[in-house]
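One-based numbering, in listed order, for ligands and for the atoms of each. Atoms considered below: every heavy atom in the structure, side chains included; atoms not considered: hydrogens, waters and symmetry mates. One-based numbering along the sequence shown.
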Amino acid sequence: MSLVTAKNKEKKRDQWGSKIGFVLAAAGSAVGLGNLWKFPYSVGNNGGGAFVMIYMIFLILIGLPLMLAAITLGRKTQLSAVGAYGSIKKKWSFVGGLGVICGFFILAFYSTVGGWVIYYCLKAFTGGLAIKDPEVLGGIFGGFISSPVSSIMYQGIFLILTLLIVIRGISSGIEKASKIMMPALFVMIMLIAIRSVTLPGASEGIAFFLLPDFSKINMDVIMNALGQVFFSLSIGMGVMVTYGSYLDKDANLLGPAASIPVLDTMVAILAGFATLPAVFAIGFKASSGPGLMFVTLPAVFASMPFGKLFCILFFVLVLFAALTSSISMLEVCVSYFVDEKGVNRTKAAVMIIMVMYIVGIPACLSMGPWQDLHILGNLNFFDFYDKLTSNILLTSGGLLLSIFVGWVWGADHAIEEIEKMGVKFTLAPLWKFLIKYIVPPAVFIILINSFKSVIEAMF
Ligand code: PFF
């Protein structure tokens, strides 16, 4: 037994209160701004249906096998990311470390958008979003994100909310919050999607979303689709390893490993239906980027009966979805300090949030005064953090996870862990084939291209 495992055994580790609690919390990590905000605008920026098609292919061939690999590794070792890799092969603990670093950069730009959501919740409450004209809504959005003081303040509030939940620990904090928020979000987004697709003029948007135009496929679209799979599933930075580590030994891993990606994808697709048909119906541009959700959806609400109520509910739920994701990022970092360094949970969480805020402020300013401050090629801080995490760090984490589970720990050992307590894994040969022979080369090729594009941007 390695030292790390021994150290961990000494203290009683927190665990999920129930299996459904785990599934909802893991789904809570997966479902977030990545689905509701990033997926629709990425579809808009990357050619519509072609992006959706590639996304689905990567989800099935790469996302699903990796999800099972991550949860199994966590459950086996009962350790957070760094310890999980390290307890099987000491030298590999750096992969967990990579995840901790990645968490900092994702939360840095994630909290910027989280802050926007809080502002929109308040604005919805006061009726300030009950406007049909997308031009006016665009003006409100643009005005807010470019004002440095208020956007940094709201970013701080988002981080403090994240901190408060994580401090409460696994079962009473993260689990309880997810159990209430996730089902409510699902119903809500479904209602909005129905309204959006029934707006006059929505059919063009539905076609844009669903019909692949193959001429739009290029390496950028492929890289972004894979990055979006990793980002949306919270795969590649140790969240699922860490969450799996709080599962007890008699839990069946197959159900969650399949249902989390299915739930996640359903929410992303529903968000696409909620946003893109409405974009076309109100005459907005699908390629208008990060503002898409904040401009289009209030316009949809304004055209609905009880629109104000829907608007409030929607932004509150988006905030919940964002929080169940941000707490998972913070948890990866916190669990490292708690499990590996023996730091007290509250102290670790406060310290980390402070550093995250410092790293995050430049991302926030990139939407305003620092918009044209390019730190790499034409990327400002916000875009740089996004590209760095989605296209490089998460992708590297996913690649290393597949090599580790497929080859270093060994797919057969992982299957043994999955089949514990009499579980029958009928697709084991297929999973083994994918995790050993398909995922590593496919992700590697795309990662090389991501590096190439970063280097090209530098010179
Ligand atoms: N999956 C989250 C979302 O779609 O919003 C974002 C995220 C959470 C990415 C946790 C990575 C992560 F580790």
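Residue-ligand proximity, Gly34 to ligand 1, at heavy-atom distances under 4.0 Å covers atoms 3 (C), 4 (O), 5 (O). Close contacts between ligand 1 and Ile106 involve ligand atoms 11 (C) [criterion: under 4.0 Å to a heavy atom]. Taking every heavy atom of Val239 and a limit of under 4.0 angstrom, the matching atoms of ligand 1 come to 10 (C), 12 (C), 13 (F). Atoms of ligand 1 lying under 4.0 Å from at least one heavy atom of Ser232, given by number and element, are 1 (N), 4 (O). Annotation for ligand 1: atoms under 4.0 Å from non-hydrogen atoms of Asn35 are 4 (O). Atoms of ligand 1 lying under 4.0 Å from any heavy atom of Leu33, numbered from 1 in the order shown and given with element: 5 (O).
Side-chain contact check for Phe209 versus Thr275: every heavy-atom pair is 4.5 Å or farther apart. Ile353 has its side chain out of reach of Ile160: every pair of non-hydrogen atoms, C-beta onward, lies at least 4.5 Å apart. The side-chain heavy atoms of Trp92 and Trp409, taken from C-beta on, include no pair separated by under 4.5 Å. The side-chain heavy atoms of Leu33 and Val117, taken from C-beta on, include a pair separated by under 4.5 Å. Side chains of Asp383 and Phe109 form no contact here, defined as non-hydrogen atoms less than 4.5 Å apart. Two residues are said to be in side-chain contact when any heavy atoms from C-beta on lie closer than 4.5 Å; Phe141 and Tyr120 meet this criterion.
With respect to atom 2 (C) of ligand 1, the closest heavy atom belonging to the protein is Ser29 O, 3.2 Å. Here the protein heavy atom with the shortest distance to atom 5 (O) of ligand 1 is Tyr110 OH, 2.4 Å. Of the protein's non-hydrogen atoms, Ala30 O, 2.9 Å is the one closest to atom 4 (O) of ligand 1. The protein heavy-atom contact nearest to atom 9 (C) of ligand 1 is Phe231 O, 3.3 Å. Shortest contact from atom 10 (C) of ligand 1 to any protein heavy atom: Ser234 OG, 3.3 Å.
The residue Leu394 has no part lying near ligand 1, judged by heavy-atom distances below 4.0 Å.
For Phe186, the CZ atom sits in a packed shell: over 12 heavy atoms of surrounding residues, nucleotides or ligands are nearer than 6.0 Å.
For ligand 1, the polar-atom distance check against Met237 finds no nitrogen or oxygen pair separated by under 3.5 Å.
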With side chain to side chain donor-acceptor pair (under 3.5 Å) as the test, would you mind laying out the steps for Ser335 and Asp339 before giving the verdict?
CA-CA 6 Å; Ser335 63; Asp339 283 354; 5.1 Å; no

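Across all non-hydrogen atoms, the minimal contact from Ala349 to Leu330 is O-CD1, 4.4 Å.
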